[in-house]
Asks: 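Have a look at the structure that comes next, please.
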Amino acid sequence: MSPPAKTGESFTDFIRLFIDGIKNTHVYVFSALAFVLWSVLFKDLFSSVFLGAFIFIFSAGYISYEKWVNRKEHLLSQMPIMRKDPTFIIDHSGRIIISMGRTKKMFEHKNIKRLDDIFGEKNAGHILKHALTGDRRDIHSFEYFSEVFDLWYRIQLTFSENKNHIFIWLVDVTERKRLDLSLSAIRRFNQDVIHHIDDLIRENDVYHRLAKLIFQEGFKGVFIARFNPENNLAGYAFKAPDKTIIRSEKIIIKGDSPVAALFSQKTGKPSYANKKKNWQQSQFEKKYPFDTAIKRFLAFPIVNFLNYHESDTVIIAYNKANGVNHYDRFLIETLANSARTVTYLTDLAIRNARVISDLEVAHETQRQLLPGNDPVIPGFDVSGMSRYCDRTGGDYYDYIHPVRSNDRLWGLVIADVSGHGISAALMMTATRALLKCQSELFDNPSETLTSLNHYLCQHTLETGNFVTMLYLIFDPERNAVYWSRAGHDPVLGYNPVEDDFFELKGKGIALGFDPLYRYDHYEFNTLIPGTVLLLATDGLWEAKNETGQMFGKEGVKKILRENAIRSSEEIKTLLFSSVENFIKGSLEDDLSIVVAKYNG
């Protein structure tokens, strides 16, 4: 630990300010005028020099004293406006010069006087080293754990005008760091389940393992279920009163029941609620009714819940310590994705009464994640399709609506996961779930991809996979499209009125390489009715025939030009059939195509 601030430091500050005051040109001008005036009036050189020197020292001292008294206010005036608590100012040694408001009270309560007291001597030294050596290029992305506050912080800093002080403000990233750990646990669960699906079926403990993951997140109970052919919800509740997981008998909830289990099915996105402090339990349950059998089994008052459904699979988690927040939605959506894949694979194995291969697992995982139907978007005619080669890769496309609860906006994404087999399928599963979560937080494609990339980098550290992606948002009311690009092929556009081809380009590296990378936002707002937009993976242009010749973009352009008057589904089908006729055999790479035609 560095030594505490010394009482002489204030005097040192004054001397430094006095030296600065001597350099002030106003002091010299004022002293010279006094010297000249006294010499003219009294013709006394000695007293004139003495008076000039006195005025010089007095003026420099007065200016220094004013600065010394108001030095904190002056520093505060230089503080960036856009910042949040905790906010404080340190000198080059790490001593806290100024703190204010809630930060000051917090520091006084914890007896914090130096940067070391917050982050420890090693981390504080690392922060100061990067700041003072001028290597501040990525300092804003440094994240450290503070034991004294039990929180993770991202460091934000800048310098004062004279470079003698460092302005610091800390961004709380605790929830996000904890989510990173949760996603790592889900990844391990996915890999374990898919690689040992047959053992899990024999042991019949897939739901048990899912429940364990949820309890690790601080929930006290969970209900995991599926919709049966009668459209009723059938499943099991779990609780762990003494860290021993207990499962209920089978619980069936009618499809027309008003219980909270069905809220997410109605909205199409994660639903959650926390009981307000001034509410009675009866008020909370009147607004959010819960199934009687589940309440009886859990045997505790439900004060918060988180609910999401994915296809025919539903997960409801109850009573998280400290309440449910928006980060928990990421978790539940990823878990629901995993649960749906696992239950489908379980059904497949049981139905066929045999061991299913890794290739079948990957195929079914991918197939289950693709959209069931094309969307109906005002002003646009959209149709998509994916076909996988025998090696099974990670092509993926999807439609997202609404975007950040805005019914006007429609998202369209196409992506390609590196590699093949189960690792690519797992990466696609994570990508899909995380993208849907991010689209609820951002309506700007660049912010969505930047946040998505951060989380995917947690996966790629272990798998080595990466993802190319193009995320496009349609805004029919404004006749515009917005997009961001992460290493994927640009959108190919065709304007039949002017017989002109164009591309929606943009810079951006693939997802999964650099967690600090920020993606750019692009906009095109001059769509002309009849314009065709084509999103595709490289399996389209790079499809090869027997002689090794590629289908190429010129072949694609020819089809678009000759068939622009047709519907998007017809154009899509023609592209697929043309590639099949060209290669005269099976695909060597996955192929995904989405055609979007603007009708105005």
Asks: T468 and side-chain contact (heavy atoms from CB on, under 4.5 Å): which single residue from D416, I509, I414 fits?
Replies: D416
Asks: Side chain of H488, backbone of A536: donor and acceptor closer than 3.5 Å?
Replies: yes
Asks: Do the side chain of N274 and the main chain of V324 share a donor and acceptor less than 3.5 angstrom apart?
Replies: yes
Asks: For I528, I'd like to know if atom CD1 has over 12 heavy atoms of other residues, nucleotides or ligands within 6.0 Å.
Replies: yes
Asks: Tell me whether R404 forms a cation-pi arrangement with F442, defined as NZ or CZ under 6.0 Å from the six-membered ring centre and within 45 degrees of its axis.
Replies: no
Asks: Atom CZ of residue position R478 - does it have more than 12 heavy atoms of other residues, nucleotides or ligands inside 6.0 Å?
Replies: no
Asks: So for atom NZ, which belongs to K212, do other residues, nucleotides or ligands contribute more than 12 heavy atoms lying within a distance under 6.0 Å?
Replies: no
Asks: List for me each residue that meets salt bridge (Lys or Arg N to Asp or Glu O under 4.0 Å) alongside K220, sequence neighbours excluded, and say none if there are none.
Replies: none
Asks: Taking S271 for the side chain and N307 for the main chain, is one N or O donor matched with an acceptor at less than 3.5 Å?
Replies: no
Asks: Taking side chain as C-beta onward, heavy atoms only, is Y153 less than 4.5 Å from S146?
Replies: yes
Asks: For D500 and N495, indicate whether the former's side chain and the latter's backbone hold a donor-acceptor pair under 3.5 Å.
Replies: no
Asks: Between Y522 and F524, is the gap from one ring center to the other below 6.0 Å?
Replies: no
Asks: Residues two or more places apart in sequence or in another chain: which of them pass salt bridge (Lys or Arg N to Asp or Glu O under 4.0 Å) with E554?
Replies: K557
Asks: When rounded to the nearest 0.5 angstrom, what is the spacing between CG in L470 and NZ in K505?
Replies: 13.5 Å
Asks: Checking ring-ring contact (aromatic ring centres under 6.0 Å, His included) between F305 and each of Y288, Y272, Y318, which is the one that passes?
Replies: Y288
Asks: With distance as the sole criterion, is a donor-acceptor pair present between the side chains of D475 and Y482 under 3.5 Å?
Replies: yes
Asks: Does the side chain of S567 come under 3.5 Å of the side chain of E570 through a donor N or O and an acceptor N or O?
Replies: yes
Asks: Is there a side-chain contact between V491 and F502 in this structure, where contact means two heavy atoms from C-beta onward sitting under 4.5 Å apart?
Replies: no
Asks: Work out which heavy atom in F501 is nearest to a heavy atom in L492; give both atom names and the distance.
Replies: CD2-CD1, 4.3 Å
Asks: When you compare the side chains of T537 and D395, does any donor N or O come within less than 3.5 Å of an acceptor on the partner?
Replies: yes
Asks: So does N322 have more than 12 non-hydrogen atoms from other groups sitting under 6.0 Å from CG?
Replies: no
Asks: Under a 3.5 Å threshold, yes or no: a donor from one side chain and an acceptor from the other, between S451 and Q438?
Replies: yes
Asks: Hydrogens and angles aside, do S568 and S383 bring a side-chain donor and acceptor to less than 3.5 Å of each other?
Replies: no
Asks: Donor-acceptor check, side chain of W541 to backbone of V556, threshold 3.5 angstrom: yes or no?
Replies: no
Asks: Holding to ring pair (Phe, Tyr, Trp, His ring centres under 6.0 Å), I want the full list of residues that pass it with F380, two or more places apart in sequence or in another chain.
Replies: F474, Y598
Asks: Are the charged groups of K597 and E569 less than 4.0 angstrom apart, N to O?
Replies: no
Asks: If we count only N and O atoms by modelled type, under 3.5 Å, do the side chains of H454 and Y517 hold a donor and an acceptor together?
Replies: no
Asks: CD1/I127 to CG/L157 distance, rounded to the nearest 0.5 angstrom?
Replies: 8.0 Å
Asks: How long is the straight-line distance from CG of N444 back to CG of L449, given to the nearest 0.5 Å?
Replies: 9.0 Å
Asks: With rounding to the nearest 0.5 Å, note down the distance linking CG in L472 to OH in Y399.
Replies: 12.0 Å
Asks: Looking at H401 and G411, would you say the former's side chain and the latter's main chain have a donor-acceptor pair under 3.5 Å?
Replies: no
Asks: For residues W152 and D172, report the shortest heavy-atom separation together with the two atoms involved.
Replies: O-OD1, 3.4 Å
